[in-house]
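Notes follow the structure.
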Amino acid sequence: MKLDNFINGIKRGDRVVLAQAITLIESNSLNHFNNGQKLLGSLLPSTGKSIRIAITGSPGAGKSTFINSFGTYLCNKGHKVAVLAIDPSSIRTRGSVLGDKTRMEDLSRHENAYIRPSPSAGTLGGVNRKTRETILLCEAAGFDIILIETVGVGQSEVTARSMTDLFLLILQPGAGDELQGIKKGAVEFADCLVVNKADGSNLNLANLTKAQYQSAMHYILPATEGWQTPVLLASSIEEKGLEDVWDCIQEFIKNTTESKIFYKRRNEQQIDWLHSMIDEYLKNRFYGSDRIKKIIPGIEGSIIKGITTPSTAMQLLIKEYEEAIAPARNK
Ligand SMILES: Nc1nc2c(ncn2[C@@H]2O[C@H](COP(=O)(O)OP(=O)(O)OP(=O)(O)O)[C@@H](O)[C@H]2O)c(=O)[nH]1
Ligand SMILES: [Mg+2]
């Protein structure tokens with residue numbers, strides 16, 4: 001398809017063209033990558049106008065069910081909601097965001113919604129780049145709220161934080177034990193905690209859990225300067241508490257745009273992204289070099305035997321690498 005057709009289609013909000021453009025962005029072929037970059041370059045002025053929200057929580061906390069209800073609530077208010085996913089292990093299929101349209105059935109049928117499963121890893125910047133660029137495409141297509149579902153395990157949370165304005169953590173009632181065991185990281189990142197499943201026989205427990213987290217939050221440095229992380233209750237199944245979450249998000253955006261933290265964070269994210277891409281590129285070049293691949297096992301061996309220190313080994317490897325790439329550099 002011609003670039004102009006892509007640009008016009010996306011600006012019209014055409015879902016088919018949007019999907020094709022995302023496929024281009026997600027491709028691991030260099031040719032597609034280059035075309036994708038041209039497209040993004042042309043669309044850049046139409047990007048950046050959404051609220052980007054990370055939604056995370058431990059497996060089974062109810063992230064997908066929450067996104068279904070909350071996304072539908074927002075769509076019914078006239079918003080255009082895009083749901084993306086970051087799945088750290090692209091081999092996960094069942095119950096994961098990859099095949100989770102079943103949990104998002106209402107939302108996937110809504111004319112204001114667009115759901116895109118996690119891209120696969122691979123070359124050319126991996127999931128991180130693909131998700132960030134998909135956010136831009138969705139914004140150019142007129143989506144004003146981007147929800148990014150992430151399974152609450154380690155690196156994917158860091159990735160989600162690095163590309164969103166607000167971090168929403170979904171918790172389950174009865175998480176008193178979880179409170180001690182919970183990875184502090186997720187709570188420390190959170191701008192809003194939502195105790196989900198606050199319904200039926202869970203209700204009392206949900207209230208208790210809320211109180212526990214509320215007191216725990218006093219001991220945790222807020223994720224966003226000048227913002228006290230609130231703890232809310234919701235039931236995704238009974239569609240309760242959704243308005244409170246939306247009010248909280250709007251309040252957060254108001255607060256952070258007034259304090260300029262919103263813009264500062266976005267600027268930092270852009271620059272961090274640049275640096276992380278350079279790091280990744282250089283690392284791949286280094287470890288992918290034939291010369292390094294050949295000599296690294298021997299050098300590792302000499303470290304283990306106590307013949308070489310890691311620092312000396314590093315200097316040696318870098319020297320070898322620079323000499324190996326020198327002819328290419330001088331071309
Ligand atoms: N009672 C009750 N159950 C819920 C609610 N939200 C989700 N569930 C149930 O919790 C289970 C897990 O929900 P999911 O939405 O798949 O959770 P998830 O966090 O997306 O799970 P993964 O993507 O596998 O990490 C399902 O059986 C849901 O029906 C709720 O508000 N109330
Ligand atoms: Mg899910």
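These values consider heavy atoms only, across backbone and side chains, with no hydrogens, waters or symmetry-generated copies. What you are looking at is a predicted structure, and each value in this text was computed from that prediction instead of being measured. Numbers here are sequence positions counted from 1. Indexing begins at 1, ligand by ligand and atom by atom, following the structure's order.
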May I ask whether Gly60 places a heavy atom under 4.0 Å from ligand 1?
yes
Looking at Asp165 and Arg266, is there a salt bridge between them, counting it only when a charged N and a carboxylate O are closer than 4.0 Å?
yes
side-chain contact (heavy atoms from CB on, under 4.5 Å) with Arg52: which of Ile145, Leu166, Ile135, Leu147?
Ile135
Strictly by modelled atom types, are Ser302 and Thr308 linked by a side-chain donor-acceptor pair under 3.5 Å?
yes
Do ligand 1 and Phe66 have nitrogen or oxygen atoms that lie under 3.5 Å from each other?
no
Modelled atom types, side-chain donor and acceptor of Gln269 and Ser162, under 3.5 Å
no
Which of the numbered atoms in ligand 1 are below 4.0 angstrom from a heavy atom of Pro59?
25 (O)
Under 4.0 Å, heavy-atom basis, I'd like to know which part of Asp199 is in contact with ligand 1: side chain, backbone, both or neither.
side chain
With rounding to the nearest 0.5 Å, note down the distance linking CD1 in Ile148 to CE in Met163.
6.0 Å
Are any of the side-chain nitrogens in Asp191 or Arg161 under 4.0 Å away from the carboxylate oxygens of its partner?
yes
Can you list the atoms of ligand 1 that are under 4.0 Å from a heavy atom of Ser235?
31 (O)
Within less than 2.8 Å of the Mg ion (ligand 2), any N, O or S from Ser64?
yes
Among Ile249, Val81, Ile146, Ile253, which residue satisfies the side-chain contact (heavy atoms from CB on, under 4.5 Å) criterion with Ile53?
Ile249
Ion pair present between Lys130 and Glu26, side-chain N to carboxylate O less than 4.0 angstrom?
no
Logged contact type for Thr65 with ligand 1, heavy-atom cut-off 4.0 Å, is both
Give yes or no for whether the N/O distance cutoff of 3.5 Å, strictly under, is met between Ala234 and ligand 1.
no
Report, in ascending order of atom number, the atoms of ligand 1 lying under 4.0 Å from any heavy atom of Ser236.
6 (N), 30 (C), 31 (O)
Pick from Ser69, Ser64, Ala85: the one approaching atom 20 (O) of ligand 1 most closely through a non-hydrogen atom:
Ser64
Side chain, backbone, both or neither: the part of Glu149 lying under 4.0 Å from ligand 1 by heavy atom:
side chain
Judged by modelled atom types alone, do Asn8 and Arg12 share a side-chain donor-acceptor pair under 3.5 Å?
no
For ligand 1, is there an N or O atom under 3.5 Å from any N or O atom of Gly62?
yes
Within the 4.0 Å heavy-atom cut-off, what Lys197 brings close to ligand 1 is both
When you measure from the Mg ion (ligand 2) to each N, O or S atom of Glu149, which atom gives the shortest distance?
OE2
